[in-house]
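Working notes, beginning with the structure itself.
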Amino acid sequence: MTAPPPAVLLFPGQGAQQPGMGVGLYHAHPGFRTRMDEALELWRAHGFDLRADWLAARIGPEADRLRTAQPLLFSLNWAVGRTVLDAGVRPAALLGHSVGEVAAATLAGVFDPADAVSLMADRIGHLDGTPPGGMLAVQARPDEVVPYTTDEVVVGAVNGPRQVLLAGPEDGLRSAEEKLRADGFTCRRARALNPFHSPVLTEAALRALPLLAAVPIRRPKLPLHSAYEPGPLTGERIQDPRFWALQPARPVMFGPALDVVLAGPDVVLAEAGPGQGLTALARRHPRVAKGGSRAIGLLPARPCEPDGERAAFEKALAELASAPAVSGEQTASAAVGAADQAALPPAHSTAQMSRPVRAGLQTDLTRSRPGTGAPVPADSE
């Protein structure tokens with residue numbers, strides 16, 4: 001009998017948030033409720049008291065604001081992932097999109113949960129008040145949108161070969177959207193009110209360096225992949241405070257990162273967060289679309305009643321629980337060691353790799369040919 005493939009957990013970022021996300025599971029699953037309460041209590045200690053409004057699903061327009069979306073996304077991602085680990089699942093890799101990468105790193109043991117929340121609260125404080133802006137999903141190749149970019153409006157994410165997001169200040173982004181639509185491109189605004197993953201945020205993002213330099217940053221106990229520099233994170237990069245500080249201003253290369261994860265043996269990709277935006281992206285990848293690897297969501301695509309959310313979660317968890325366990329410390333060390341000796345840049349290039357990348361340069365990062373093009377899903381940063 002063929003053994004089931006190992007699990008890979010995916011963690012979504014800004015844009016996946018929904019009013020009432022995960023509330024049904026909270027009411028129906030005691031283990032998840034305990035973990036979610038732990039995370040929300042850490043945020044409350046920093047002045048983010050979101051529990052009552054989240055449970056009542058009365059956040060409304062506030063759901064997309066920085067001080068609401070980021071804490072709730074981190075908390076939900078971490079709590080779902082932690083509940084999966086509590087069930088005995090040991091994934092072959094963790095991969096996050098934007099803020100999802102912080103949740104993945106925390107689950108892997110790079111950050112203590114209290115430190116991770118402290119770092120994110122500090123980051124939010126620095127980013128709050130930056131110029132208004134957003135992200136624009138465009139059904140196009142990265143090179144096709146280069147003519148519409150500027151010093152401030154850049155490719156903020158590459159989710160697939162024809163799935164990109166432009167990011168930048170509101171005026172510039174609106175101008176780019178008008179030109180793209182006039183030229184026949186399909187565009188849609190993502191659920192973000194800040195110019196995430198654009199150089200506009202660089203100065204504010206770097207203000208997080210003092211606190212990052214003061215907290216412990218450990219080697220992962222589980223294999224941790226990055227969507228900023230696709231592939232396993234090395235010890236050197238993991239322990240570089242500048243790498244973590246600049247994440248809000250750097251482009252997310254989720255498509256190429258997914259290529260790396262799917263380049264080896266078959267896996268079960270499981271989205272451990274709200275919605276199923278990353279699941280939709282993964283299902284369009286040739287390694288999944290043609291069979292072999294699979295993509296599932298641990299939560300429904302839309303919030304539903306407690307029994308429905310629990311049933312969806314337990315069905316997905318049962319599939320993951322049947323996967324072979326991965327030895328945490330040993331496998332993580334092997335992944336880090338292999339990457340350290342492979343194609344990552346030498347130490348002297350760290351500062352260059354940490355800078356935000358203009359759209360015209362990002363095309364070089366997509367030569368690994370991610371999966372088949374398709375419209376950008378609704379819940380994707």
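Both backbone and side-chain heavy atoms feed into the values below; hydrogens, waters and symmetry mates do not.
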Check whether any side-chain heavy atom of [X] sits under 4.5 Å from a side-chain heavy atom of [Y], and report yes or no.
{"X": "Ile217", "Y": "Val110", "value": "yes"}
{"X": "His46", "Y": "Met120", "value": "no"}
{"X": "Phe254", "Y": "Val158", "value": "no"}
{"X": "Gln17", "Y": "Pro274", "value": "no"}
{"X": "Phe32", "Y": "Arg82", "value": "no"}
{"X": "Asp266", "Y": "Arg287", "value": "yes"}
{"X": "His27", "Y": "Arg310", "value": "no"}
{"X": "Leu166", "Y": "Val155", "value": "yes"}

Test log, rule side-chain hydrogen bond (donor to acceptor under 3.5 Å, both in side chains), inputs Gln14 and Ser98: CA-CA 7 Å; Gln14 183 82 24; Ser98 188; over 6 Å; no
State, to 0.1 Å, how close [X] and [Y] come at their nearest heavy-atom pair, and which atoms those are.
{"X": "Leu165", "Y": "Ala137", "value": "CG-CA, 4.0 Å"}
{"X": "Val200", "Y": "Pro195", "value": "CG1-CG, 4.1 Å"}
{"X": "Val80", "Y": "Gly273", "value": "CG1-N, 4.4 Å"}
{"X": "Gly172", "Y": "Val153", "value": "C-CG2, 3.6 Å"}
{"X": "Phe196", "Y": "Leu127", "value": "CE2-CD1, 4.3 Å"}
{"X": "Arg219", "Y": "Gln239", "value": "CG-NE2, 4.2 Å"}

What distance do [X] atom [atom1] and [Y] atom [atom2] have between them, rounded to the nearest 0.5 Å?
{"X": "Tyr148", "Y": "Glu178", "atom1": "OH", "atom2": "CD", "result": "13.0 Å"}
{"X": "Arg35", "Y": "Thr83", "atom1": "CZ", "atom2": "OG1", "result": "7.0 Å"}
{"X": "Phe243", "Y": "Ile238", "atom1": "CZ", "atom2": "CD1", "result": "8.0 Å"}
{"X": "Met36", "Y": "Ser75", "atom1": "CE", "atom2": "OG", "result": "5.0 Å"}
{"X": "Trp244", "Y": "Arg237", "atom1": "CH2", "atom2": "CZ", "result": "10.0 Å"}
{"X": "Leu136", "Y": "Phe185", "atom1": "CG", "atom2": "CZ", "result": "11.5 Å"}

Is a donor on one side and an acceptor on the other found under 3.5 Å between the side chain of [X] and the backbone of [Y]?
{"X": "Thr34", "Y": "Pro30", "result": "yes"}
{"X": "Glu271", "Y": "Leu10", "result": "no"}
{"X": "Asn77", "Y": "Ala104", "result": "no"}
{"X": "His126", "Y": "Arg207", "result": "yes"}
{"X": "His197", "Y": "Arg250", "result": "yes"}
{"X": "Gln276", "Y": "Leu299", "result": "yes"}
{"X": "Gln18", "Y": "Arg302", "result": "no"}
{"X": "Thr106", "Y": "Val102", "result": "yes"}
{"X": "Arg218", "Y": "Ala108", "result": "no"}
{"X": "Glu170", "Y": "Pro132", "result": "no"}

Assign the ring pair Trp43 / Phe74 to parallel, tilted or perpendicular, where the plane angle (0 to 90°) is split at 30° and 60°.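 Correct class here is perpendicular.
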Any carboxylate oxygen within less than 4.0 angstrom of a Lys/Arg side-chain nitrogen, looking at [X] and [Y]?
{"X": "Glu41", "Y": "Arg44", "value": "yes"}
{"X": "Asp143", "Y": "Arg141", "value": "yes"}
{"X": "Arg294", "Y": "Glu319", "value": "yes"}
{"X": "Asp37", "Y": "Arg51", "value": "yes"}

Start with the C-alpha distance between Leu222 and Leu9, add both sets of side-chain angles, then the distance that settles side chain to side chain contact (heavy atoms under 4.5 Å, CB included), and finish with yes or no. CA-CA 11 Å; Leu222 292 169; Leu9 298 185; over 6 Å; no
Quickly, which of Ser293, Pro6, Pro5, Pro91 forms a side chain to side chain contact (heavy atoms under 4.5 Å, CB included) with Val268? Name it, please.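 Among Ser293, Pro6, Pro5, Pro91, the one that satisfies the side chain to side chain contact (heavy atoms under 4.5 Å, CB included) with Val268 is Pro5.
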Sequence neighbours excluded, which residues qualify as ring-ring contact (aromatic ring centres under 6.0 Å, His included) partners of Phe11?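 Per chain and number, Phe11 pairs via ring-ring contact (aromatic ring centres under 6.0 Å, His included) with no residue.
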Under the ring-ring contact (aromatic ring centres under 6.0 Å, His included) test, which residues partner Phe313, sequence neighbours left out?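 Result, ring-ring contact (aromatic ring centres under 6.0 Å, His included) vs Phe313: His29.
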For a side chain to side chain contact (heavy atoms under 4.5 Å, CB included) check, start with the C-alpha distance between Leu42 and Glu38, then their side-chain angles and the critical distance, and finish with the verdict. CA-CA 6 Å; Leu42 291 174; Glu38 289 177 18; 5.8 Å; no
Taking CG in Asp307 as the centre, count heavy atoms belonging to other residues, nucleotides or ligands within less than 6.0 Å. Is the count above 12?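 Result for CG/Asp307: open.
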If we ignore angles and hydrogens, is there a donor and acceptor under 3.5 Å between the side chains of His285 and Asp259?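 On atom types as modelled, these side chains qualify, holding a pair under 3.5 Å.
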Using a distance-only test with no angle check, is there a side-chain donor-acceptor pair under 3.5 angstrom linking Ser198 and Glu152?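 Looking only at side-chain atoms, Glu152 and Ser198 do not form any donor-acceptor pair under 3.5 Å.
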Would a hydrophobic clustering, with Ile, Leu, Val, Met, Phe, Trp and Tyr connected at side-chain separations under 4.5 Å, put Val288 with Val260?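 Not linked; separate clusters.
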Given side chain to side chain contact (heavy atoms under 4.5 Å, CB included), test Thr202 with Leu246 step by step and report yes or no. CA-CA 7 Å; Thr202 300; Leu246 277 173; 3.9 Å; yes
Test side chain to side chain contact (heavy atoms under 4.5 Å, CB included) on Leu317 and Val84; report intermediate values, then the result. CA-CA 7 Å; Leu317 185 60; Val84 171; 4.2 Å; yes
